[in-house]
Amino acid sequence: MATNYVMGFRWFKMILGVLVVSILLSQYSCVYGEAPQVPCFFIFGDSLVDSGNNNYLPTLAKVNYLPYGVDFPIGATGRFCNGRTTVDILAELLGFKKPIPPFATTWGLVILRGLNYASGAAGIRAESGTEMGVNVNLDQQLRNHHLTVLRIASILRHKALALKYLNKCFYFMGIGNNDYINNYFQTQYFNTSRIYTLEQYASVLIEQYSQQIMTLYSYGARKVALVGVAPIGNATEPFNEKLRALVDKLNADLEDAQFIYVNASSVSRPADFKVPNISCCAVNELGLCNPSEPVCQNRSDYALWDSFHPTEAANIASAGRAYSSQDPSDTYPMDISHLVQLSL
């Protein structure tokens, strides 16, 4: 009798959770039109996709001031860009009517649509970028996501239902740049380059990254895009080669998941712009825009916004190629548009 009661209660919780999801999805469709291609979109990364998580941290790597956001509808938000970032564009391509909000300032039912955990200066390694102050490294981003998973389970009132829901979401991981720019090549702050050759360092990074990816998998991620590191001469080639190989290994080992590799150097082609290598804004000693100084007027002609980050125009181009590849080298083994349509 007691066993039947417990089982009945569990079924009631699951049915209630299904009803909650159905109601939320129907409300979203009524308010915003057609539902997106995936129920939620989670973002992990660095300043290339940070949407404001660094705004309240004690760090030099924050840009919640003009001219950043000069072309964004609500102005300066903490995005390292004049307008939308790559993941903002991807969210639109996936059918989301609003950008995915930052973890630091978001709560409530909206988390069911996904969160952005990215942090300027963050890396795979905990120490990367810390010469600029505090950042949310990838390990902490994953801890933050675990909190989100628990909150979603609470909203849906059933852990198994929450896991099934999270299985259908899209996950974007674009990190590793600062493990080179703000670690390996910052010899005055870090001794990494004295310990490892570039080949050895790539192996160390990939080993740690693979463990972090498996942590994300354990939280329910099944459709994951892994973005390669931007080219720094030939320094990052070993990492990108090993990351692509890791995608093959993950897909072979995890039959209920699909991982893809996004080639940063292929989808981002500065040479396609009239002004490929000059920043649109006047920069300070950190390579970030000086506050409130004039910026270039023809921003769609520029690939670079500041010394390190693309313009919105460049982000539109790279997001478009990651979503729907134009060249076989853009993504592997498929692009994002095909990834999100998979039934796993």
#### Entry: Reported CG-to-CG distance for the pair Leu112 and Leu166, which is rounded to 0.5 angstrom
9.0 Å

### Task
Answer yes or no: is there a donor N or O on one side and an acceptor on the other, between the side chain of Asn240 and the main chain of Glu237, under 3.5 Å?
no

### Task
For the pair Lys242 and Glu199, find out whether any cationic side-chain nitrogen is under 4.0 Å from an anionic carboxylate oxygen.
yes

### Task
To the nearest 0.5 Å, tell me how far Ile316 CD1 sits from Leu90 CG.
11.5 Å

### Message
Looking at Gln341, is its backbone amide N or carbonyl O close enough to the side chain of Gln37 to form a donor-acceptor pair, meaning the two atoms are under 3.5 Å apart?
### Response
no

### Message
If hydrophobic clusters are built from ILVMFWY residues whose side chains come within less than 4.5 Å, do Leu198 and Ile181 share one?
### Response
yes

### Message
Let's go through Val224 and Ile213 carefully: what are the C-alpha distance in whole Å and the side-chain angles of both, what is the deciding distance for side chain to side chain contact (heavy atoms under 4.5 Å, CB included) to 0.1 Å, and is it a yes or a no?
### Response
CA-CA 9 Å; Val224 186; Ile213 292 166; 5.5 Å; no

### Summary
When rounded to the nearest 0.5 Å, the distance separating CG of Asn182 from CG of Asn177 is 9.5 Å

### Message
For the aromatic rings, using the six-membered ring if either is Trp, is the centroid distance between Tyr261 and Tyr332 under 6.0 Å?
### Response
no

### Task
Please collect all side-chain hydrogen bond (donor to acceptor under 3.5 Å, both in side chains) contacts where either partner lies in residues 55-66, sequence neighbours excluded, each pair once.
none

#### Entry: Member of Arg84, Lys98, Lys97 meeting the side chain to side chain donor-acceptor pair (under 3.5 Å) criterion with Glu92
Arg84

### Task
Could you please spell out the steps behind the side chain to side chain contact (heavy atoms under 4.5 Å, CB included) verdict for Ile155 and Ile111?
CA-CA 10 Å; Ile155 291 170; Ile111 70 173; 4.1 Å; yes

### Query
Is the number of heavy atoms from other residues, nucleotides or ligands within 6.0 Å of CD (Glu207) greater than 12?
no

### Task
Specify the closest pair of heavy atoms between Phe308 and Asp306, including all atoms of both residues, with the distance to one decimal.
N-OD1, 2.9 Å

### Non-hydrogen atoms of Val267 and Arg321 that approach each other most closely
O-CD, 3.6 Å

#### Entry: Short side-chain to backbone donor-acceptor contact, Asn284 and Gly287, under 3.5 Å
yes

### Query
So, does Tyr196 use its side chain to make a donor-acceptor pair with the main chain of Tyr184 at under 3.5 Å?
no

### side chain to side chain contact (heavy atoms under 4.5 Å, CB included) between Phe103 and Thr148, intermediate numbers included
CA-CA 9 Å; Phe103 170 83; Thr148 300; 3.9 Å; yes

### Query
Mind checking whether Tyr180 and Tyr201 have ring centres under 6.0 Å apart?
yes

### Query
Of all heavy-atom pairs between Ser266 and Ser329, which one has the smallest distance, and what is that distance?
OG-OG, 2.9 Å

#### Entry: Distance, nearest 0.5 Å, that separates CE of Met132 from CG of Leu286
5.0 Å

### Query
Is there a donor-acceptor pair closer than 3.5 Å between any side-chain N or O of Ser193 and the backbone N or O of Phe185?
no

### Message
Would you compute the distance between atom OH of Tyr209 and atom CG of Leu216 and round it to the nearest 0.5 angstrom?
### Response
9.0 Å

### Query
Given Asn315, which of Thr85, Asn82, Asp88, Thr86 fulfils the side chain to side chain donor-acceptor pair (under 3.5 Å) condition?
Thr86

#### Entry: Minimal non-hydrogen separation, Ile43 against Phe41, with atom names
CG1-CE1, 3.6 Å

Pairs of donor and acceptor atoms involving the side chains of residues 291-298, under 3.5 Å and at least two apart or interchain, shall be tabulated with distances.
| from | atom 1 | to | atom 2 | distance (Å) |
| --- | --- | --- | --- | --- |
| Gln297 | NE2 | Val295 | O | 3.4 |
| Asn298 | ND2 | Asp301 | OD2 | 2.9 |

### Message
Walk me through whether His309 and Leu288 qualify under side chain to side chain contact (heavy atoms under 4.5 Å, CB included).
### Response
CA-CA 9 Å; His309 306 99; Leu288 300 176; 4.0 Å; yes

### Message
Treating Asp50 as the side-chain partner and Asn53 as the backbone partner, does any N or O pair qualify as donor plus acceptor under 3.5 Å?
### Response
yes

#### Entry: Same apolar cluster: Ile100 and Val340, side chain cutoff 4.5 Å
yes

#### Entry: Whether Ser119 side chain and Asn54 backbone form a donor-acceptor pair below 3.5 Å
no

### Message
Taking Gly129's backbone N and O only, do any of them form a donor-acceptor pair with Asn178's side chain (distance below 3.5 Å, no angle check)?
### Response
no

## Note on the structure
In terms of heavy-atom contacts, Ala303 and Pro276 come closest through CB-O, 3.7 Å

### Message
Would you say His145 and Tyr219 are linked by a side-chain donor-acceptor pair, where the criterion is simply a distance under 3.5 Å?
### Response
no

### Message
Let me check something: do Trp107 and Leu156 share a hydrophobic cluster, defined by ILVMFWY side-chain heavy atoms less than 4.5 Å apart, either directly or through other members?
### Response
no

### Message
Could you work out, with side-chain contact (heavy atoms from CB on, under 4.5 Å) as the rule, every residue matching Asn251, not counting sequence neighbours?
### Response
Val247, Gln258, Phe259, Pro333

#### Entry: Backbone of Asp335 reached by a side-chain donor or acceptor of Asp330 within 3.5 Å
no

#### Entry: Cluster check Val87, Val63: I/L/V/M/F/W/Y, side chain < 4.5 angstrom
no

### Task
Taking Tyr302 for its side chain and Thr311 for its backbone only, find out whether a donor-acceptor pair lies under 3.5 Å.
no

## Note on the structure
Shortest non-hydrogen pair, Ala230 vs Thr236, comes out as O-OG1, 3.2 Å

### Query
Quick one: does NZ or CZ of Arg113 land under 6.0 Å from the six-membered ring centre of Phe96, within 45 degrees of the ring axis?
no

### Task
Would you give the length of the straight line joining atom NZ of Lys168 to atom NZ of Lys223, rounded to the nearest 0.5 angstrom?
9.0 Å

